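Everything numeric in this text was worked out from a predicted model, so none of it was measured. The chains referred to below are lettered A, B, ... by the order of the sequence lines, with proteins before strands, and numbering in each begins at 1.
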Amino acid sequence: MAENTVQKTNGSTAVVATETEATREPERFVTPPVDIYETAEGLTVVADLPGADPSAVDVNVEDSVLTLKAVVPEADESEAAYVEFRLASYFRQFTLGEKIDQERINAEYKNGVLTLLLPFAEKAKPRRITVKAA
Amino acid sequence: MYGTNPFRELEALRREVDRLFEGVASPSKLRSAFLPGRSARSYPLINIQESGDDLTVEALAPGVDPASLEVAIEGGSLVIAGEKPRPAQNVSPEAWHRSERAAGRFLRKIKLSVPVDEENVTADYRNGVLTVKLQKADAAKPRRIAVNVA
């Protein structure tokens with residue numbers, strides 16, 4: 001397993017990543033680097049998918065597994081004089097914790113960066129209980 | 001099929017092995033290439049294409065603030081500079097689950113092998129890839145030589 005459970009914040013694991021090597025298609029995929037951070041509203045996932053066309057970026061949630069996928073066609077290298085990078089399709093999956101409201105996930109793709117907002121379900125948000133003094 | 005020169009055979013074998021390792025090494029090279037700034041590699045990574053009169057330089061720079069991008073030609077070099085902002089400033093360290101994307105200012109100077117026409121440069125930033133199109137200077141353009149048939 002390349003990825004394990006993430007460190008706990010506020011006492012509850014929110015995102016757990018899984019390895020999906022076995023089910024990959026014969027195509028070449030790379031794992032995009034991600035930033036994941038937590039705010040009071042939810043989790044934000046930021047992934048670098050340079051070179052992907054906005055229409056090719058596919059985000060879906062099934063059985064609590066969030067899948068980020070972008071198919072990038074291989075570049076024509078017939079005129080390449082110098083090569084440092086080769087674009088490939090992107091694939092990465094995360095298992096969502098119970099805290100996430102899967103119905104309200106918001107995705108935006110801009111300048112090669114995919115930003116996902118995963119809001120916490122209402123019941124998972126911290127609630128302050130007023131203590132009445134007698 | 002089999003030559004009689006053992007040195008040539010060895011040379012051919014060495015080339016085969018090199019080719020074999022090339023295929024193995026490239027995906028891992030690519031993977032680390034996607035984490036620029038975390039290592040001492042140059043950033044952004046570039047590809048150069050050359051065709052006839054043009055040079056095309058592609059730079060892999062996702063999430064760069066387009067307003068911060070600077071492209072310049074300085075004494076035979078192409079300079080690419082910009083800034084990739086951090087996604088969130090006011091997040092406490094313990095609220096980060098993953099931090100794999102590098103951020104910050106970058107500058108890269110690429111020495112061009114041929115003189116270019118400094119007036120004819122276009123730069124385009126799309127889907128996180130910066131594409132700079134350059135035209136070779138007249139002196140560097142390929143010339144077609146007519147073959148006289150007697």
Subject >> Contacts of type side chain to side chain donor-acceptor pair (under 3.5 Å), residue D101(A), not counting sequence neighbours >> reply: R104(A)

Subject >> Student check: side-chain heavy atoms of R108(B) and F106(B) closer than 4.5 Å >> reply: no

**OP:** Write out, in numerical order, the residues from residues 127-150 of chain B with a heavy atom short of 4.5 Å from a heavy atom in chain A.
**Re:** N127(B), G128(B), V129(B)

Subject >> Donor on one side chain, acceptor on other, T115(A) and E108(A), under 3.5 Å >> reply: no

Original post:
How about Q102(A) and S64(A): does a side-chain donor come under 3.5 Å of a side-chain acceptor?
Top reply: yes

Subject >> Shortest non-hydrogen contact from E83(B) toward V64(B) >> reply: O-CG1, 3.4 Å

**OP:** Please flag which part of A47(A) lies under 4.5 Å from any non-hydrogen atom of chain B: side chain, backbone, both or neither.
**Re:** backbone

Subject >> Contact class of A80(A) relative to chain B, heavy atoms under 4.5 angstrom >> reply: both

**OP:** Determine the option with the most heavy-atom pairs under 4.5 angstrom with chain B, choosing from V113(A), L49(A), T39(A).
**Re:** V113(A)

Subject >> Heavy-atom side-chain contact between K84(B) and R105(B) under 4.5 Å >> reply: no

**OP:** Answer yes or no: is there a side-chain heavy-atom contact under 4.5 Å between L118(A) and T44(A)?
**Re:** no

